[in-house]
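The structure under discussion appears below in the form of structure tokens.
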There are 2 protein chains.
Amino acid sequence: MQKEHNLSKNQKIIFDLIDKSGGPMKAYSILFNVQKKGIKAPLQVYRALDKLVEIGKIHKIESRNAFIACQNSSCQISKATAFSICESCENVSEISNSKLSKYLSNFSDDSGMKYSKYNLEFFGLCKKCKSK
Amino acid sequence: MQKEHNLSKNQKIIFDLIDKSGGPMKAYSILFNVQKKGIKAPLQVYRALDKLVEIGKIHKIESRNAFIACQNSSCQISKATAFSICESCENVSEISNSKLSKYLSNFSDDSGMKYSKYNLEFFGLCKKCKSK
DNA sequence: TTATAAATGTTATATTATTACATAACGTTA
DNA sequence: TAACGTTATGTAATAATATAACATTTATAA
């Protein structure tokens with residue numbers, strides 16, 4: 001199970017916003033949306049985002065510079081992430097596939113590197129966009 | 001085999017620089033390094049980078065906002081990329097492991113998405129950094 | 001050779017993220 | 001509860017990354 005973290009005021013405001021949005025959000029869009037709640041500066045947003053990423057409540061979609069709420073309530077949080085991204089509508093979802101995560105978590109090659117973390121992003125067209 | 005592309009002047013200058021560096025380079029560091037060759041503006045760099053990415057001569061390391069020369073002369077170029085990144089020394093190398101690439105290229109789940117591309121980044125400590 | 005696409009040059013600006021510094025709140029434990 | 005260390009906050013400035021818009025030139029190929 002996931003460790004409980006007591007989110008601070010800003011962390012909670014920002015997590016709730018991202019979570020409710022249901023998709024990825026960009027930092028400055030978050031900033032815009034929380035200004036009415038007193039969060040005025042980019043750094044306040046980035047600090048909360050950093051912490052939320054660290055504790056696994058959100059993930060960063062690297063190819064999009066965006067942040068999405070973790071949809072994976074258990075296991076290997078933020079050490080092993082996989083996403084599917086529609087290149088047409090930009091819909092993003094977190095893939096939770098135990099075979100895939102096992103395969104990647106156990107992956108090793110002859111480089112001598114010890115892998116402790118990975119991030120995988122799949123791209124393609126989602127169901128809706130395919131049929132257009 | 002990789003399709004031959006005749007690089008333009010700027011593309012060639014920038015590709016050669018990245019290739020010779022042997023590692024990932026950031027756009028503005030590239031810009032700094034090619035100013036003596038007459039490339040003066042960020043956009044000139046980004047345009048060449050975009051093209052080089054498109055034809056598979058370089059890849060973008062998304063988590064680092066950096067660009068590295070392709071070390072994989074054949075196969076599935078820029079549709080199927082995997083990297084190992086040392087979180088201590090920031091050394092990056094391209095993983096070419098046919099099992100891994102087959103596994104991921106054939107991956108599908110029940111989302112109904114057709115995946116045409118992926119990017120995987122592994123993080124950890126390289127041999128040298130581990131032993132420090 | 002002419003039309004079309006690709007690449008270049010230039011300026012300005014948008015977007016994403018961090019540095020630096022000051023203060024406040026929280027949690028522990030003596 | 002006082003003192004301490006840690007975490008979070010507030011604010012201003014700025015750094016780093018990336019794109020828009022427009023004019024012109026070069027390469028390609030019909």
Side-chain angles (χ1 to χ4, degrees), chain A residues 3-18 21 23-68 78 85 87 90 92 119 121, chain B residues 3-18 21 23-68 78 85 87 90 92 119 121:
Chain A
K3 189 179 163 194
E4 260 312 312
H5 285 278
N6 296 318
L7 300 184
S8 72
K9 180 173 134 281
N10 289 358
Q11 288 159 19
K12 187 158 175 17
I13 290 170
I14 286 171
F15 174 72
D16 286 345
L17 175 67
I18 299 172
S21 87
M25 291 193 74
K26 307 199 127 210
Y28 278 74
S29 151
I30 293 169
L31 175 59
F32 178 81
N33 276 277
V34 296
Q35 274 174 334
K36 47 183 172 289
K37 303 221 172 184
I39 295 175
K40 293 177 198 151
L43 187 51
Q44 294 176 290
V45 172
Y46 281 104
R47 281 197 287 223
L49 290 172
D50 285 350
K51 187 68 187 184
L52 291 167
V53 166
E54 186 193 323
I55 65 180
K57 299 283 286 179
I58 64 173
H59 305 300
K60 183 170 188 183
I61 310 299
E62 294 288 356
S63 67
R64 297 299 185 260
N65 298 318
F67 300 84
I68 194 168
S78 68
I85 302 170
E87 290 187 295
E90 293 293 325
V92 174
N119 178 59
E121 298 180 4
Chain B
K3 189 181 164 194
E4 259 313 312
H5 285 277
N6 297 318
L7 300 184
S8 72
K9 180 173 134 280
N10 290 0
Q11 289 160 16
K12 187 158 175 18
I13 291 170
I14 287 172
F15 174 73
D16 286 345
L17 175 68
I18 298 172
S21 86
M25 291 193 76
K26 308 198 126 212
Y28 278 73
S29 151
I30 292 168
L31 176 58
F32 177 81
N33 276 276
V34 296
Q35 275 175 332
K36 47 183 172 290
K37 303 221 172 182
I39 296 175
K40 291 175 199 155
L43 189 50
Q44 294 176 291
V45 172
Y46 281 103
R47 282 197 285 224
L49 290 173
D50 285 351
K51 186 70 187 182
L52 291 166
V53 165
E54 186 193 324
I55 64 179
K57 299 283 288 180
I58 65 173
H59 304 300
K60 183 170 188 182
I61 310 299
E62 294 287 357
S63 67
R64 298 300 185 259
N65 297 317
F67 300 84
I68 194 168
S78 67
I85 302 171
E87 290 187 296
E90 292 293 325
V92 174
N119 179 58
E121 298 180 5

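Everything quoted here is computed from the prediction, not taken from an experiment. Protein chains get the first letters and strands the later ones, always in sequence-line order, with residue 1 at the start of each.
- What separates CE of A/Met25 from P of C/dT16 is a distance of 12 Å, to the nearest Å.
- Interatomic distance, B/Lys51 NZ to B/Asn10 CG, rounded to the nearest 0.5 Å: 13.5 Å.
- A/Ile30 places its CD1 atom 10 Å from the P atom of C/dA17, with the value rounded to the nearest Å.
- Overall, the helix from C/dT1-D/dA30 to C/dA30-D/dT1 carries an axis bend of 40° between its ends, with five pairs at each end and the value rounded to 10°.
- Of the candidates B/Ile58, B/Leu49, B/Leu31, B/Leu49 is the only one forming a side chain to side chain contact (heavy atoms under 4.5 Å, CB included) with B/Ile14.
- Residues B/Ile30 and B/Ile39 fail the side-chain proximity criterion, which asks for heavy atoms closer than 4.5 Å.
- To the nearest 0.5 angstrom, B/Leu52 atom CG is 11.0 Å from B/Lys12 atom NZ.
- Rounding to whole angstrom units, CD of residue B/Glu62 and P of C/dA17 are separated by 12 Å.
- Rounding to whole angstrom units, CD1 of residue B/Ile55 and C1' of C/dA7 are separated by 13 Å.
- Contact of the A/Arg47 side chain with the A/Leu43 side chain is registered, since non-hydrogen atoms from C-beta on lie closer than 4.5 Å.
- Rounded to the nearest 0.5 angstrom, A/Tyr46 OH and A/Phe67 CZ are separated by 6.5 Å.
- As rounded to whole Å, 14 Å separates atom P of C/dA7 from atom CG of B/Leu49.
- Every residue two or more places apart in sequence or in another chain that forms a side-chain hydrogen bond (donor to acceptor under 3.5 Å, both in side chains) with B/Glu90 is listed here: B/Arg64.
- Within the 4.5 Å cutoff, the side chain of A/Asn119 has no heavy atoms near those of the B/Ser63 side chain.
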Protein within reach of the bases, or only the backbone? For nucleotides 8-26 of chain D, mark each nucleotide 5' to 3' as B, S or -, using heavy atoms under 4.0 Å.
SBBBB----BBBBB-----

